[in-house]
Amino acid sequence: METGFIEEENRKNNFIKNIIAEDLEKGKNNGNMITRFPPEPNGFLHIGHAKSICLNFGVAQEFKGKCNLRFDDTNPAKEDQKYIDSIISDVKWLGFNWGEKIYYASDYFNRLYDFAVELIKKGKAYVCGLTAEEMRDYRGTLTQPGKESPDRDRPVAENLDLFGRMKNGEFEDGTYVLRAKIDMASPNINMRDPVIYRIKKMSHPRTKDAWCIYPMYDFTHGISDALEGVTHSLCTLEFQDHRPLYDWLLDEVSAPCHPQQIEFARMNLNYTVMSKRKLQKLVENGHVDGWDDPRLPTIAGIRRRGYTPAAIRNFCNIIGVSKKESRIDVGLLENCLREDLNEVAPRVMAVLNPLKVTIENWSEAGITEELDALNHPQKPEMGKRKIVFSKTIYIEHDDFMENAPKKFFRLAPGREVRLRYAYFITCKDVIKDKEGNVVELICTYDPATRGGDSPDGRKVKGTLHWVSQEGSVPAFVNLYDRLFLAEDPEAENDDFTKNINPESLVRLEGCLVENYLVDAEPEKAYQFERLGYFCADSKESSKEHLIFNRTVTLRDTWAKVSQK
RNA sequence: UGGGGCGUCGUCAAGCGGUAAGACACAGGAUUUUGAUUCCUGCAUUCGGAGGUUCGAAUCCUCCCGCCCCAGCCA
């Protein structure tokens, strides 16, 4: 696993770890420790899921227990094999192992059915014939208790018969459900005789047409946990109200054990949206280019953007786990990214917006010279490479200013700068087009400064990145920025898509990158010196048509200063 | 106005009766062939508010205020 830093160290404590550590110390669960990551295969994973993944797999690793990857596939209406596949690939990419076996709630359908029968026999569940609307009516409201279903006291034998016939497909969708018999007057609405099985004559991605009744989440989840010997069932805050039901079910049924459900706050990031529905809207309405659009917080998206698993893992560790609802600054995520990329990304040079520079005193066009460049100035072990210098080179347009202020440490008429790993050059002349745009610079170089050092000890304020005509190839570059302008895009109740940043993607053509980059592997991070971290796009880049995605910029204090 | 949660620096977040960790951000400074990195320095007399208990409270008690979640045959 490639990591640029020791992430095992300094793992933060949180209340969940404290509980687990205490349980282990007391010898609870015979000293076992098992968690699970239970996604429903009805969409793509996003960075919010990464928090749960890192938490569940992380504590398992740390306490020498295990974490099961279990698909909560109880609703064939929404689920699909393609989601199962993408989730598996995302979890793997994040760097976690789930052992030999992947678990599926659907593998427990037979046992779940038996547990339901057990509940019926105990008089703790009944088949209810209320319609969905009637049921809503009978449920009561937040402030008023519900009414009992007329079927609530149906005899056990009849319930058993009806449930069996539900299973055999004798009834249409919606005609009957199986309900737990708890308390219609409970202040907790989840306890007002919740539905635990419904009829859905629908093919399931895994069990195909074997079933036409499917268990509900509440019934399935706790029992699945128990069947797997899960000790700590970690979930998000909205399930707190379900905990009494989770516990009731496990108490009433002959489950092998009784896992402890612990809730934590889900992750929110500013300048983005995280809900499945909203992400879907962005994709479907074409605001972005698919689920793996590099601007999306999906795992597939940030991966394509160039984020590394190590950075994400570190981020999840840094933000901690608590029960407080929060919105984390993406800056924190970007910082974790830079921290990792700074260690692992080789340095190269690329000019995004080229300005031609002719070296007046260079012998002649076509004569080239090879110079050494370090792949990572702080890590000589990463080696060096050759870069080509010649009479015609290109620098970043922004690195030249005709009427430059004193603090501008770059090129300007009469000023001298260093071209990284090459020579000092001095700007002698500025060539403009009819509109007055600067189109070319005429400079001289100092042959004594080869490599970038001046033998006479002469100092120069700025060092520019550059590329030569012979040493570069054209490329397209996608400049990605935050997808939304608003910190909380969904704050106003009207259309959140109105907050989309029109410049979240700026496509650049005519960029020039070092020849070295022709073989850039997709998703592999490179630092384009002085610009940021980039990677070749995994979907569209090719040797003949290079496309780089900007993963994140370098910290830029000059930009901050110059704006003032 | 039923029930369940949550409120510690701009953003996360430790703290669990002994006198406010850390990270990011921010502000200074040093080093630098990336205005990057790295390295120093500073940054909550105060923990939603008000009372109370205590020698001592962010931590315990009371009341109040604010925010989030729940009325799917979704998860």
Side-chain angles (χ1 to χ4, degrees), chain A residues 10 12-14 18 38-40 42 72-75 77-79 128 130-132 135-137 139-146 173-179 186-192 194-200 214 216-218 220-221 235-244 263 265 267 270 276 318-336 338-339 342-343 347 349 373-374 376-378 407-410 418-422 424 449 451-454 460-465 527-532 553-562:
Chain A
N10 303 322
K12 288 181 75 166
N13 274 342
N14 60 55
N18 293 345
E40 182 191 15
N42 69 343
D72 236 329
D73 53 349
T74 58
N75 186 359
K78 296 186 172 179
E79 298 154 8
C128 178
L130 252 29
T131 65
M135 197 122 107
R136 196 180 315 128
D137 246 30
R139 189 153 32 225
T141 69
L142 294 178
T143 49
Q144 289 161 263
D173 289 15
T175 49
Y176 287 110
V177 293
L178 183 69
R179 294 227 253 168
S186 172
N188 181 343
I189 292 184
N190 294 300
M191 300 299 270
R192 319 241 259 233
V195 172
I196 56 179
Y197 259 96
R198 78 291 213 183
I199 302 171
K200 252 184 210 296
Y214 292 95
M216 298 285 288
Y217 164 83
D218 287 301
T220 309
H221 201 85
C235 63
T236 43
L237 252 29
E238 67 271 26
F239 292 104
Q240 283 181 123
D241 290 344
H242 294 242
R243 194 170 62 224
E263 310 85 11
M267 176 202 301
N270 59 9
K276 235 169 235 175
I318 294 277
I319 62 172
V321 179
S322 76
K323 299 188 75 158
K324 188 168 89 185
E325 292 156 62
S326 57
R327 182 168 292 275
I328 293 158
D329 191 339
V330 266
L332 203 53
L333 209 210
E334 293 173 343
N335 195 268
C336 290
R338 290 193 187 101
E339 193 181 341
N342 179 46
E343 296 292 319
R347 274 58 173 166
M349 290 197 283
L374 266 19
H376 190 132
Q378 281 80 40
K407 287 288 197 182
F408 186 78
F409 303 152
R410 307 181 186 184
R418 169 171 37 234
L419 291 181
R420 178 141 241 228
Y421 299 126
F424 283 15
T449 57
D453 288 307
S454 56
V460 102
K461 288 266 193 47
T463 299
L464 310 186
H465 61 278
Q527 185 194 96
F528 288 4
E529 291 207 47
R530 301 209 306 134
L531 296 172
T553 61
L554 251 27
R555 201 178 266 119
D556 190 355
T557 42
W558 164 245
K560 257 188 270 178
V561 172
S562 62

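Here is the naming used below: chain letters follow the sequence lines, and residue numbers restart at 1 for every chain. In what follows, every heavy atom counts, from backbone to side chain, and hydrogens, waters and symmetry copies are set aside.
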**Prompt:** Within the structure shown, what part of the strands sits under 4.0 Å from A:F239 by heavy-atom distance: base, sugar-phosphate, or nothing?
**Reply:** base
**Request:** Just call it for A:K200: base, sugar-phosphate, or nothing, with non-hydrogen atoms closer than 4.0 Å on any strand.
**Result:** sugar-phosphate
**Prompt:** What is the distance, rounded to the nearest whole Å, between atom CD1 of A:I189 and atom P of B:C74?
**Reply:** 17 Å
**Message:** Classify A:T557 by what it touches in the nucleic acid, base, sugar-phosphate, or nothing, heavy-atom distance under 4.0 Å.
**Reply:** sugar-phosphate
**Asked** Can you check whether A:S186 has a side-chain N or O nearer than 4.0 Å to OP1 or OP2 of B:G3?
**Response** no
**Message:** What is the separation between atom NE2 on A:H221 and atom P on B:C74, rounded to the nearest whole Å?
**Reply:** 17 Å
**Request:** Could you tell me whether A:R338 contacts a base, only the sugar-phosphate backbone, or nothing, with contacts defined as non-hydrogen atoms closer than 4.0 Å?
**Result:** nothing
**Message:** Base, sugar-phosphate or nothing for A:I196? Non-hydrogen atoms, less than 4.0 Å.
**Reply:** nothing
**Prompt:** A:Q527 CD to B:A36 C1': how many Å, rounded?
**Reply:** 6 Å
**Message:** Taking any heavy-atom pair under 4.0 Å as a contact, classify A:R136: base, sugar-phosphate, or nothing.
**Reply:** sugar-phosphate
**Asked** How is A:N42 classified with respect to the nucleic acid when contacts are heavy atoms under 4.0 Å: base, sugar-phosphate, or nothing?
**Response** nothing
**Asked** Is any side-chain N or O of A:R139 closer than 4.0 Å to OP1 or OP2 of B:G72?
**Response** yes
**Fill in**
For A:P377, the side-chain contact (heavy atoms from CB on, under 4.5 Å) test, sequence neighbours excluded, returns A:R347, A:R420, A:Y421
**Asked** Can you give one letter per nucleotide of nucleotides 4-9 of chain B, going 5' to 3': B for a protein heavy atom under 4.0 Å from the base, S for sugar-phosphate only, - for none?
**Response** SBSSS-
**Request:** Would you please determine if the base of B:A75 is stacked by A:Y217, with stacking meaning a centroid separation under 5.5 angstrom and planes under 30 degrees?
**Result:** no
**Request:** Nearest-nucleotide wise, let me know which of A:D173 and A:Q144 is further upstream toward the 5' end of RNA chain B.
**Result:** A:Q144
**Message:** Between B:G3 and B:A14, how far apart are the two C1' atoms, rounded to whole Å?
**Reply:** 31 Å
**Prompt:** Looking at A:N335, does any N or O in its side chain come under 4.0 Å of the phosphate oxygens OP1/OP2 on B:A25?
**Reply:** yes
**Message:** Just to be sure I understand the rule, does A:M216 reach a base, reach only the sugar-phosphate, or reach nothing, if contact means heavy atoms closer than 4.0 Å?
**Reply:** sugar-phosphate
**Message:** Counting the atoms with a prime plus P, OP1 and OP2 as sugar-phosphate, which does A:V177 contact under 4.0 Å by heavy atoms, base, sugar-phosphate, or nothing?
**Reply:** base
Which atoms of nucleotides 14-18 of chain B (N or O only) lie under 3.5 Å from a protein N or O atom, and what are those distances?
{"unit_1": "B:A14", "atom_1": "OP1", "unit_2": "A:V321", "atom_2": "O", "d": "3.3"}

**Request:** Under 4.0 Å between any heavy atoms, over every strand shown, what does A:R179 touch: base, sugar-phosphate, or nothing? Just pick one.
**Result:** nothing
**Asked** For A:E263, which contact category applies under a 4.0 Å heavy-atom criterion: base, sugar-phosphate, or nothing?
**Response** nothing
**Prompt:** Reckon A:F424 touches a base, only the sugar-phosphate, or nothing at all at heavy-atom distances under 4.0 Å?
**Reply:** nothing
**Asked** For A:H376, which residues count as a ring pair (Phe, Tyr, Trp, His ring centres under 6.0 Å) partner, sequence neighbours excluded?
**Response** none
**Request:** Mind checking ring pair (Phe, Tyr, Trp, His ring centres under 6.0 Å) for A:Y176 and listing every partner two or more places apart, or none if nothing turns up?
**Result:** A:F171
**Prompt:** With nearest nucleotides of RNA chain B determined for A:P377 and A:G140 from heavy-atom distances, which residue corresponds to the more 5′ nucleotide?
**Reply:** A:P377
**Prompt:** Does a salt bridge link A:R243 with A:E263, judged by any charged N lying under 4.0 Å from a carboxylate O?
**Reply:** yes
**Request:** Kindly label the base of B:G18 as syn or anti, based on whether its glycosidic torsion lies within 90° of 0.
**Result:** anti
**Request:** Not counting sequence neighbours, which residues clear ring pair (Phe, Tyr, Trp, His ring centres under 6.0 Å) with A:H221? List them please.
**Result:** A:Y217
**Prompt:** Atom CZ of A:R418 to atom C1' of B:A36: distance rounded to whole Å?
**Reply:** 14 Å
**Fill in**
Of all heavy-atom pairs linking A:D241 and A:P244, the shortest is O-CD, 3.4 Å
**Message:** Rounded to the nearest 0.5 Å, what separates atom CZ in A:R198 from atom CG in A:D173?
**Reply:** 10.5 Å
